[in-house]
Amino acid sequence: GEKMRQIPKEVIEEVERLREEIEYHNYRYYVLNDPVITDEEYDRLMRRLIELERMYPELVTPDSPTQRVGGKVLEGFKTVKHSVPMLSLDNTYNEEEIIEFDKRVKKTLQESEVEYVAELKIDGVSIALRYENGRFVLGATRGDGVEGEDVSENVKTIRSVPLRLRKPLTIEVRGEIYMPVDEFKRLNEEREEEGLPPFANPRNAAAGTLRQLNTALVASRRLDSFIYYVVHPENYGLKTQWEALQFLKEIGFKVNPHSRLCKNIQEVIEYWREWKERKRELDYWVDGVVVKVNRFDFQKVLGETSKAPRWAIAFKFPAEQART
Ligand SMILES: NC(=O)c1cc2c(N)ncc(C(N)=O)c2s1
């Protein structure tokens, strides 16, 4: 076969340095919302990397930031088996029912006080993300909970999803892909102009986008993410959900800033009352609060049914009149 041409060492070093630098700036801009360079400087770095990868295609890697702009038209999505089933959540709709949940938890645990983590329930699409030695290798939808679709090429275009973790971990995490409200409005205006039916809500718009086979189209729409779950947290020395959320932030994921550690179910109810009113301040839709027993050893004792965990529950907000 063709002799592998020698690529100058300084080119390989420049490509590797550009990748790290660009991914760092993606992290600052899309995860921390705190950029440290101008868009022009960012574009110059990206153009240089695209140029070098065009000259030396053998240097392109799946986790290169140039893969974020899409450009592939896929035939379809492969099915992938989840490492651990992606369960759904049981629902509660009022304070009496959430107090019943707390009573059941205390009875099973034989504990008089149980700490909870209260997290906003994002109205989006569940996603599982896998990394090997810190590099993104798979993005999968929930599907039927046991098997999902491999939507990796589309997930790579979501700027807040890291292609490289800040630590070389082999890990699976889960969260929600969502479409910000202002992007949802812009997209529906675009669809009206194109004579296409508008999406009914941001969740459908996110789900529809994630199912697109044209990855450049996905890249042109601003999807975002919140990650809230570590698979096998004990493998990383994590003992509670509150620690897991800090850990996810440390290794580079976008984590919702409004989660709250609650001493007891009363504080959960106060959190729910507060965000029932404040949710309109957010630039994404939420439909309630997810309440989780904080300690993982307690979660293990409580276990799960085939459908949902016994250590977590959705505390939904009252349905509003049909949203415009
Ligand atoms: N189906 C599920 O298990 C969950 C669904 C969701 C959701 N839509 N938003 C936030 C969380 C969370 N913070 O845990 C969860 S958990």
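The analysis underlying the following values was restricted to heavy atoms, covering all of them including side chains, and did not include hydrogens, waters or symmetry mates. In listed order, ligands and their atoms are each counted from 1. Bear in mind the structure is a predicted one, so any value in this text is a computation, not a measurement.
- Annotation: ring pair (Phe, Tyr, Trp, His ring centres under 6.0 Å) contacts of Y178 (sequence neighbours excluded): F226, Y284.
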Pairs of nitrogen or oxygen atoms, one from ligand 1 and one from the protein, closer than 3.5 Å: please tabulate them with distances.
unit_1   : atom_1 : unit_2 : atom_2 : d
ligand 1 : 8 (N)  : I122   : O      : 2.9
ligand 1 : 8 (N)  : E176   : OE1    : 3.3
ligand 1 : 8 (N)  : E176   : OE2    : 3.4
ligand 1 : 9 (N)  : I122   : N      : 2.9
ligand 1 : 13 (N) : E119   : OE1    : 2.6
ligand 1 : 14 (O) : K292   : NZ     : 2.7

Under 3.5 Å, which donor-acceptor pairs do the side chains of residues 310-318 form with other protein atoms, sequence neighbours left out?
unit_1 : atom_1 : unit_2 : atom_2 : d
R310   : NH1    : L302   : O      : 2.9
W311   : NE1    : E304   : OE1    : 3.2
K316   : NZ     : D287   : OD2    : 3.2

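- With salt bridges taken as basic N to acidic carboxylate O contacts below 4.0 Å, one links R54 and E51.
- Residues L129 and F136 form a side-chain contact, since some pair of their non-hydrogen atoms from C-beta on lies under 4.5 Å apart.
- In this structure, R48 and L45 have side chains that are not in contact, with every pair of non-hydrogen atoms separated by 4.5 Å or more.
- Within the structure, no pair that satisfies the ring pair (Phe, Tyr, Trp, His ring centres under 6.0 Å) test touches residues 24-78, not counting sequence neighbours.
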